[in-house]
Amino acid sequence: MKFLYRFIAVLLVFLALTAYALLSEPSGIPVLNYHQINDKDENALTVSSSQFAAQMDYLKKEGYHTITADELADALEKGTALPEKPVLITFDDGYVDNYTVAYPILKERGMHGIIFLISDYVGRYPNYLTWPQIKEMQENNIEFGSHTLSHAVLTELQSEEEIENQLKNSKLAIEWHLGRPVNFLAYPCGYITDSIQSMVKNNGYRAAFTVDLGRTHTGDNMYELHRVPIFGGNTHTLFRFKARLRVPRLAAFLENCQNKLAKNGFVSIANLFPTI
Ligand SMILES: [Zn+2]
């Protein structure tokens, strides 16, 4: 009986939140965040090729237009006009499947994207992109940003010199190889502090992205831009994709509630929350 009351309470809260989210979701520009796109690895960071293609088809069908990171920054900072229903597609880490699987899907549909590279891993490990692959993609609507030299969690580094090294030298390495400015950074694991944000700015980046779930809006802190993570392994159905794209605020709220309940020992109640 107690369980039933809990279930009804959770259900009522969920319905109220859904109504709230649908009515109050601010406009904002979604920045999707992917990692691996393949059919071999079934880890939390992987979206299957068919699911990724279905998601891209959905965006096209719904009239979304992929934009570049500079276009996003111009719009957020200066109010520059964007095409209808803009969306920025991002990939973190620079996995080789971004070239073998995601790139053909994007190219076929004339879509843009940005890949954040771990510059020391490029061409060094088999699971990561090579410079020739990156250069080919650069000629076909894919741009590149930094994800540091070695995927260092910046908040865990011992000195400012180490943080500076990660921010500065990854940018320089990618610029040297590609002959174009690197204006954007994605924080490894999304961990930041105010002083790290200042260092990112002082190193000449225009903006930086976290993994916090939400859309970007005019007036946002350019060094703490939210994204909509599209990972979670096989749980990423098209339904989940649509929900996260349309109501990221609700998805973030539910995720927060779940995490807090689970952390405080209320695992069974946390499990009652729908995952979107
Ligand atoms: Zn990463």
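Counting convention: from 1, in listed order, for ligands and their atoms alike. Here the structure is a predicted model, which means the values were calculated and not measured.
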(request) Determine which of the N, O or S atoms in Asp93 is closest to the Zn ion (ligand 1) and give its atom name. (result) OD1
(message) Quick one, Tyr95 with Tyr128, criterion ring-ring contact (aromatic ring centres under 6.0 Å, His included). Give me CA distance, side-chain angles, the key distance, then yes/no.
(response) CA-CA 4 Å; Tyr95 295 104; Tyr128 293 85; 5.2 Å; yes
(message) Pair Tyr121, Asp93 - check side-chain hydrogen bond (donor to acceptor under 3.5 Å, both in side chains), show working.
(response) CA-CA 9 Å; Tyr121 290 9; Asp93 302 341; over 6 Å; no
(request) Taking the side chain as every heavy atom from C-beta outward, state whether Ile37 and Phe91 have any atom pair closer than 4.5 Å. (result) yes
(message) Suppose we only count N/O/S atoms under 2.8 Å; would Cys189 qualify as near the Zn ion (ligand 1)?
(response) no
(message) Distance alone, cut at 3.5 Å: any donor-acceptor contact between the side chains of Thr100 and Asp97?
(response) no
(message) Under 2.8 Å from the Zn ion (ligand 1), can any N, O or S atom of Asp92 be found?
(response) no
(request) Kindly confirm whether the Zn ion (ligand 1) is within less than 2.8 Å of some N/O/S atom in His151? (result) yes
